[in-house]
Number of protein chains: 2
Amino acid sequence: MGYPFAMARTREFDVDQAIDRAMDLFWRRGYAETSLQDLLKELSIGSGSFYAAFGSKEELYIRSLDRYISLQGNDLEKTLDSATEIRAAVRKVLTSLIEADLTDPARGCLVVNTSTQCGEQPSATDRVTAAVRQVESSLAGALERAQTRGEISADKDPRQLARFLTTFIQGIRIVGQARAGREFAEDALSVAMRALD
Amino acid sequence: MGYPFAMARTREFDVDQAIDRAMDLFWRRGYAETSLQDLLKELSIGSGSFYAAFGSKEELYIRSLDRYISLQGNDLEKTLDSATEIRAAVRKVLTSLIEADLTDPARGCLVVNTSTQCGEQPSATDRVTAAVRQVESSLAGALERAQTRGEISADKDPRQLARFLTTFIQGIRIVGQARAGREFAEDALSVAMRALD
DNA sequence: CCCTTTCTGGATCGATCAATACATAACTAT
DNA sequence: ATAGTTATGTATTGATCGATCCAGAAAGGG
């Protein structure tokens with residue numbers, strides 16, 4: 001940037017931290033229900049700083065969504081790798097989602113929320129599609145490795161299983177948000193787990 | 001109402017038809033993205049008539065949601081009863097959802113959309129919860145009857161299966177809205193169907 | 001006809017929306 | 001210290017939001 005002759009004032013807030021806070025707000029309240037005033041208050045900045053840093057509410061939402069997808073993607077990968085057995089790993093992924101929905105039903109999944117709230121916006125829907133593919137890919141990888149370890153019978157298609165689990169995960173988020181209750185989700189889970197047998 | 005002495009002007013539009021049209025608009029565009037102007041234009045009425053008949057945008061949304069749940073519930077019951085074999089019936093329910101999402105991905109399911117868009121509103125969330133329970137109940141009934149016919153093995157719990165299918169259905173709607181594609185949904189479906197074996 | 005009641009729709013309300021303008025503050029190389 | 005650049009936050013923009021007001025139209029019993 002125009003660097004010879006004079007440096008400028010330094011930004012007083014951390015952009016990445018601001019995105020994290022915005023993500024949390026969008027997650028809890030949704031895009032439409034989060035006003036610019038809410039964001040400015042949450043981020044403790046003025047509108048001048050806001051627009052200088054993020055351009056618009058919409059752009060910040062997209063950056064928040066990217067951040068969410070990245071965090072959740074890493075978390076999924078980590079959980080799938082942490083357990084030594086694929087069934088335990090998958091169960092852990094799903095039970096942690098069930099617990100999260102029971103603890104805070106209003107949140108749900110930011111990707112799912114985006115898909116139902118921003119259906120017309122290409123920049124949002126493209127990311128939703130990519131996020132689903134990313135979950136599919138992570139699960140397919142873990143299932144393939146499990147298959148080579150002999151934990152999954154050879155006649156199963158890891159990709160089909162991954163697509164099934166990806167779909168089921170989205171369903172779990174919805175029935176969680178719908179407050180169907182722990183018993184409901186765990187009944188569904190116990191049936192779904194048999195798909196790996 | 002104050003009937004002796006004078007009758008009043010008759011309403012010029014059909015309330016139930018208006019609710020159907022409003023339902024369709026809310027379904028396509030969501031609650032926040034549907035303005036009062038949009039509704040008045042779609043229903044071809046003025047704001048006076050609107051508020052006299054429906055009270056508020058929010059109340060009309062609730063009535064639209066009730067209408068949607070009633071229509072979809074009847075449709076589900078009918079499909080489950082139409083087929084002679086439970087597997088064919090369940091498959092029909094799911095493939096028709098997949099086709100609907102492929103035809104019009106922006107719509108999705110109004111109940112699911114409500115759960116992610118109106119998370120704070122008790123009148124909305126109560127209906128979402130009830131709608132999920134209703135789907136569970138319809139499926140459980142059909143599965144029980146199938147079990148007495150010997151189509152489902154006796155060691156299975158119809159309620160568990162119903163909860164699984166209910167959850168999976170919600171997932172199908174989400175991956176459909178996420179534009180994961182026909183192949184994706186059909187792979188997931190083929191795995192899910194094995195839960196009935 | 002007249003009277004009472006309800007429906008209708010354009011005008012209008014205050015509130016709030018996202019976004020901009022602008023004066024001032026902060027910062028660094030010179 | 002000064003000059004040049006960017007950050008900051010308040011004030012303000014025009015637009016739009018949901019909702020209300022109200023004058024006139026339509027209806028049928030008297």
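So that the names make sense, note that chain A is the first sequence line, chain B the second, and so on, each numbered from 1.
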*Rounding to a whole Å, what distance do you find between B:Lys41:NZ and C:dT8:P?*
20 Å

*Let me know, please, whether B:Ser56 or B:Ala8 comes out on the 5' side of the other along DNA chain D by nearest nucleotide.*
B:Ser56

_B:Thr10 vs B:Leu36, nearer the 5' end of DNA chain D by closest nucleotide_ = B:Leu36

*asked:* Counting only side-chain heavy atoms from C-beta out, which of C:dT5, C:dT8, D:dT20 sits nearest to B:Phe13?
replied: C:dT8

*What is the distance, rounded to the nearest whole Å, between atom CD of A:Glu33 and atom C1' of C:dA18?*
15 Å

*asked:* Ignoring hydrogens and geometry beyond distance, is the side chain of B:Ser47 in donor-acceptor contact with the base of C:dG10 at under 3.5 Å?
replied: yes

*Round to the nearest Å and state the distance from A:Asp14 atom CG to D:dA7 atom P.*
14 Å

*What nucleotide, of C:dT8, D:dT5, D:dC17, holds the atom closest to the side chain of B:Ser35?*
D:dC17

*Length of the CD1-C1' vector between B:Ile45 and D:dG18, whole Å*: 14 Å

_Can you tell me how far apart CZ (A:Phe54) and CD (A:Glu59) are? Round to the nearest 0.5 Å._
10.5 Å

*Nucleotide C:dA25, atom P - distance to CD of A:Glu12 in whole Å*: 13 Å

*Is any side-chain nitrogen or oxygen of B:Tyr51 closer than 4.0 Å to OP1 or OP2 of D:dT20?*
no

*Within this structure, what is the CG-to-C1' distance between B:Leu39 and C:dG9, rounded to whole angstrom?*
16 Å

_Base of D:dA7 paired with side chain of A:Arg9 (donor-acceptor, under 3.5 Å)_ = yes

*asked:* Nearest 0.5 Å, please: how far is CG in B:Leu97 from CZ in B:Phe168?
replied: 10.0 Å

*Please state whether the base of D:dA7 and the side chain of A:Arg11 form at least one donor-acceptor pair under 3.5 Å?*
no

*Which of the following nucleotides, C:dA18, D:dG18, D:dT8, is nearest to the side chain of B:Lys57?*
D:dG18

_With heavy-atom distances below 4.5 Å as the criterion, would you say the side chains of A:Leu60 and A:Phe50 are in contact?_
yes

*NA contact type, A:Phe54, heavy-atom cut-off 4.0 Å: base, sugar-phosphate, or nothing?*
nothing

*Closest nucleotide among C:dT5, C:dA19, D:dG29 to the B:Met7 side chain*: D:dG29

*Which part of the nucleic acid, if any, lies within contact of A:Thr34, taking any heavy atom under 4.0 Å across all strands shown: a base, the sugar-phosphate backbone alone, or nothing?*
sugar-phosphate

*Whole angstrom value for the distance that separates C1' of C:dC17 from CD of A:Gln37*: 9 Å

*Enter the distance from A:Ile172:CD1 to B:Thr167:OG1 here, rounded to the nearest 0.5 Å.*
5.0 Å

*Whole angstrom value for the distance that separates P of C:dT12 from CZ of B:Phe50*: 22 Å

*Beyond-backbone contact of B:Tyr61 with B:Thr114, side-chain heavy atoms, under 4.5 angstrom*: yes

